[in-house]
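So the structure is just underneath, and the comments pick up after that.
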Amino acid sequence: LQALKPMEHPLCRCFSLFVSNKTPEVRRKIASGLHEVVTILGGPVCRSEGFITNIIKLFKDSDTSVRSAIAVNFGRIVSAFAHNHSSTRSDSFALQQDDSSDSVLPVDMPLQLLPAFASLLL
């Protein structure tokens with residue numbers, strides 16, 4: 001059997017359809033559960049260009065309820081990427097766990113998402 005490319009995964013195709021749905025309520029629900037999608041689909045899929053593009057679409061959604069759903073779950077989304085961390089990745093960033101600790105939480109989150117996250121929080 002030939003391995004599927006990340007965006008050919010059936011769940012990834014389904015995610016794309018939800019992100020592109022014309023109904024804001026559908027997009028809000030997928031945005032609310034984005035951390036679960038990241039956890040389920042895992043590393044290679046979550047780093048794929050198509051998946052990242054879909055996440056950015058949610059970040060830039062014209063409906064404020066969609067963007068709010070992401071903002072409310074920001075910590076969970078970052079944690080989901082942290083769960084999928086791979087120490088061999090050089091295009092990811094790390095978060096300080098807290099001000100009193102020198103420990104760092106490795107996060108395997110594609111750097112392309114940082115500007116989208118920043119614009120969402122402004």
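FYI, side chains are in, hydrogens and waters are out, and symmetry mates aren't considered; it's all heavy atoms of this structure.
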| task | Please name the residue in the list Val72, Ile77, Val78 that meets the side chain to side chain contact (heavy atoms under 4.5 Å, CB included) test with Phe74. | result |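 Answer to the side chain to side chain contact (heavy atoms under 4.5 Å, CB included) test with Phe74 among Val72, Ile77, Val78: Val78.
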| Minimum side-chain heavy-atom gap Phe51-Val37 below 4.5 Å |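 The answer is yes; the side chains approach within 4.5 Å.
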What distance do [X] atom [atom1] and [Y] atom [atom2] have between them, rounded to the nearest 0.5 Å?
X	Y	atom1	atom2	result
Arg76	Thr39	CZ	OG1	10.5 Å
Ile30	Phe15	CD1	CZ	5.5 Å
Asn54	Cys12	CG	SG	7.0 Å
Cys46	Ile52	SG	CD1	9.0 Å
Lys29	Leu34	NZ	CG	15.5 Å

Under the side-chain hydrogen bond (donor to acceptor under 3.5 Å, both in side chains) rule, collect the residues that match up with [X], sequence neighbours excluded.
X	answer
Ser20	none
Glu25	Arg28
Ser62	none

| field | Lys/Arg N to Asp/Glu carboxylate O, Arg67 vs Asp61, below 4.0 Å | value | no
| Short question: side chain of Ser48, backbone of Val45 - any donor-acceptor pair under 3.5 Å? |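 Confirmed, Ser48 side chain pairs with Val45 backbone.
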| Taking Arg27 for the side chain and Leu58 for the main chain, is one N or O donor matched with an acceptor at less than 3.5 Å? | no
| note | Taking every heavy atom of Pro24 against every heavy atom of Val66, the minimum-distance pair comes out as O-CG2, 3.8 Å
| Minimum heavy-atom distance Ala31-Ile70, with the two atoms named | CB-CG1, 3.7 Å
| note | With sequence neighbours left out, the residues meeting side chain to side chain contact (heavy atoms under 4.5 Å, CB included) with Val26 are Phe18, Asn21, Thr23
| Residue list, side chain to side chain contact (heavy atoms under 4.5 Å, CB included) with Leu11, at least two apart or on another chain |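 Result, side chain to side chain contact (heavy atoms under 4.5 Å, CB included) vs Leu11: His9, Ile40, Leu41.
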| query | Please, which pairs that meet ring pair (Phe, Tyr, Trp, His ring centres under 6.0 Å) have at least one residue in residues 19-40, sequence neighbours excluded? | reply | none
